[in-house]
Amino acid sequence: MEKKSAKGYLLLEDGTRYEGKSFGFPKNKIGEVVVNTAMVGYPESLTDPSYMGQILVQTFPMIGNYGMPPCDSVPNTGLSRYLESDKMWVQGYIVSDYSEHYSHWNAESSLAQCLINEKVPALYGVDTRALTKHIREKGVMKGSIVIEGVAESAEDEHFEDRNLVAEASCKEVISYGEGAKRILFIDCGTKHNILRRLIHPDVTLIRVPAEYDFTSMEYDALFVSNGPGNPEKCTHTIANIQKAFKDDKPCFGVCMGHQLFALAVGASIKKLQYGHHGHNQPVQEMDSKKCYITSQNHCYCVAGESLPSDWKEWFVNLNDGTNAGIRHINKPFFSTQFHPECCGGPTDTLFLFDQFLRAVINK
């Protein structure tokens, strides 16, 4: 049985306080508090680098009932088989009800044990409904997880001032496969499922750090991944994407990659009041008017009205009208704010990866 004894609380920067009990690592932490509305997928969310610097609040009331999968790797890749990276990236975790007992064919350990192993503080018993309403009314803000009996105070790491993409990115060039077509993959803090989706017998996937100067390399297509933080901090990556756009090679961006595409062509970015985090975001394709349910995880969005004349909005979020995708009017450049490859979420738009691979292989 998991030990759940220490009291704790989440203190928001506006002074609002939410009490709970600790079920993670006994450490005080500061982070940006964001709310995820997904009903499943907490193993994937906790290991998603896009959550770097953030305290994740889960709105679904019961968390932990299917445990955590093993950290197995896909053979010959080094990529996690079941998770989105090889570690947890969140600053802290907040839930309503934590289930001590778990049952799942793929479970290796409890969620609490993994949080403790990864030194991530977590609270259960928090009124997440009230907390979510507060964040949606007041906007995203910083918060501190404070655990009773922990003497040390949490340090403010000023995540908003750092280039988190560079920190979350891989540190060296990594290749997957030996296919004839070469896809250059800019790692901005990628989810492993994106890489798993792009590995193909006809492709050599070349993964490079976010700030790596790839402009002299030979490649057939470019992919830019998701990642954490403020896209405007990624000046080197943006400059390299601008150079890549001078060619006509297929280019695909997802989430952070989408925002970097927009900045590379001179469009503007704005921060949302509380962001989009969950598996239930409806989007509409502008030309066909078809609607899809998507997984999204971001605090910033592209200002669609700021796109230059040779780019157009491709998808729009039906909840709030914000941009969810852009594409060039005659070149094979396109990007989405949502995650077509989502593991632990809807796969309505997975066909976009198939389209990209066909464009590369058949080119």
Side-chain angles (χ1 to χ4, degrees), residues 13 29-34 45-56 84-92 120 140-143 154-174 184-192 194-195 206-217 222-245 251-272 275-277 296-303 306 326 335-337 339:
E13 63 179 320
K29 279 279 192 174
I30 295 175
E32 184 180 56
V33 181
V34 298
S45 293
L46 289 168
T47 55
D48 180 352
S50 292
Y51 280 114
M52 184 181 184
Q54 297 178 330
I55 294 174
L56 175 59
E84 293 296 357
S85 70
D86 56 6
K87 73 173 196 173
M88 292 185 180
W89 293 84
V90 296
Q91 286 288 93
V120 175
V140 169
M141 64 184 76
K142 282 188 177 182
E155 294 184 3
D156 188 348
E157 300 184 55
H158 298 287
F159 288 101
E160 68 276 13
D161 298 329
R162 289 155 46 189
N163 182 352
L164 299 186
V165 161
E167 294 182 34
S169 175
C170 63
K171 307 308 176 189
E172 60 184 5
V173 178
I174 308 169
L184 188 66
F185 186 98
I186 302 180
D187 179 359
C188 295
T190 187
K191 295 166 61 180
H192 282 191
I194 296 180
L195 291 162
I206 306 166
R207 178 182 176 188
V208 302
E211 297 191 333
Y212 189 85
D213 186 359
F214 60 85
T215 53
S216 61
M217 297 177 65
L222 177 72
F223 190 100
V224 186
S225 82
N226 67 296
N230 184 348
E232 294 179 321
K233 300 291 183 182
C234 306
T235 53
H236 293 293
T237 310
I238 293 167
N240 287 333
I241 294 172
Q242 287 174 331
K243 295 175 184 176
F245 281 166
C251 297
F252 188 10
V254 166
C255 200
M256 174 60 73
H258 164 70
Q259 296 165 15
L260 296 179
F261 274 24
L263 290 170
V265 300
S268 58
I269 299 293
K270 55 187 177 182
K271 190 166 187 179
L272 297 167
H276 299 147
H277 310 276
Q296 299 190 23
N297 179 22
H298 59 102
C299 287
Y300 294 83
C301 75
V302 174
S306 68
I326 61 175
S335 61
T336 64
Q337 185 60 80
H339 283 267

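Remember, it's a predicted structure, so these values are computed and weren't measured experimentally. These values consider heavy atoms only, across backbone and side chains, with no hydrogens, waters or symmetry-generated copies.
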Original post:
Between Val224 and Val254, is a side chain to side chain contact (heavy atoms under 4.5 Å, CB included) present by the stated rule, with each step listed?
Top reply: CA-CA 6 Å; Val224 186; Val254 166; over 6 Å; no
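Residues Pro209 and Lys171 fail the side-chain proximity criterion, which asks for heavy atoms closer than 4.5 Å. Between His298 and Leu272 the shortest side-chain heavy-atom distance falls below 4.5 Å. For the pair Cys299/Glu32, a side-chain contact is recorded, criterion being any heavy-atom separation below 4.5 Å from C-beta on. Side-chain contact between Phe261 and Ile241 is present, with at least one heavy-atom pair separated by less than 4.5 Å. At a threshold of 4.5 Å between non-hydrogen side-chain atoms, the residues His258 and Val302 count as touching. Between His339 and Cys255 there is a side-chain heavy-atom pair separated by less than 4.5 Å. Proximity of Pro231 to Tyr300: side-chain heavy atoms (C-beta onward) are separated by under 4.5 Å at one or more points.
Look at Lys29 and Glu157 and you find a salt bridge, because one of the NZ, NE, NH1 or NH2 atoms lies within 4.0 Å of a carboxylate O, short of that distance.
A distance of 11.0 Å separates OG1 of Thr235 from CG of Leu263, quoted to the nearest 0.5 Å. Distance check, rounded to the nearest 0.5 Å: OG of Ser335 to CE of Met256 gives 12.5 Å. Between the SG atom of Cys188 and the CG atom of Leu164 there is a distance of 12.0 Å, given to the nearest 0.5 Å. If you take CD1 on Ile194 and CD on Glu84, they are separated by 7.5 Å, rounding to the nearest 0.5 Å. Rounding to the nearest 0.5 angstrom, the gap separating the OG atom in Ser45 from the NE2 atom in His277 is 10.5 Å. Summarising the geometry, atom CE belonging to Met52 is positioned 16.0 Å from atom CE belonging to Met88; distances are rounded to the nearest 0.5 Å.
Nearest heavy atoms, Thr190 versus Asp187: N-OD1, 2.8 Å. The shortest heavy-atom contact between Ala264 and Phe245 is CB-CE1, 4.1 Å. For the pair Pro228 and Val165, the tightest heavy-atom approach, listed with the atom from each and the gap, is O-CG2, 3.4 Å. Between Ser225 and Gly189, the shortest heavy-atom distance links the atoms OG-N, 3.9 Å. In terms of heavy-atom proximity, Lys243 sits nearest to Thr215 at CD-CG2, 3.4 Å.
The closest donor-acceptor contact from the side chain of Gln91 to the backbone of Ile55 lies at 3.5 Å or more, if one exists at all. The backbone N or O of His236 lies less than 3.5 Å from no partner atom in the side chain of Glu211, so there is not a single donor-acceptor pair. A donor-acceptor contact shorter than 3.5 Å links the side chain of Ser306 to the backbone of Ser268.
For the residue pair Asn297/Asn226, the side-chain donor-acceptor check at 3.5 Å is not satisfied.
Across Asp48, Val34, Thr47, Val120, a single residue satisfies side-chain contact (heavy atoms from CB on, under 4.5 Å) together with Val90, and that is Val120. Phe185 pairs with exactly one of Phe223, Tyr212, Phe214 by the ring-ring contact (aromatic ring centres under 6.0 Å, His included) rule, that one being Phe223.
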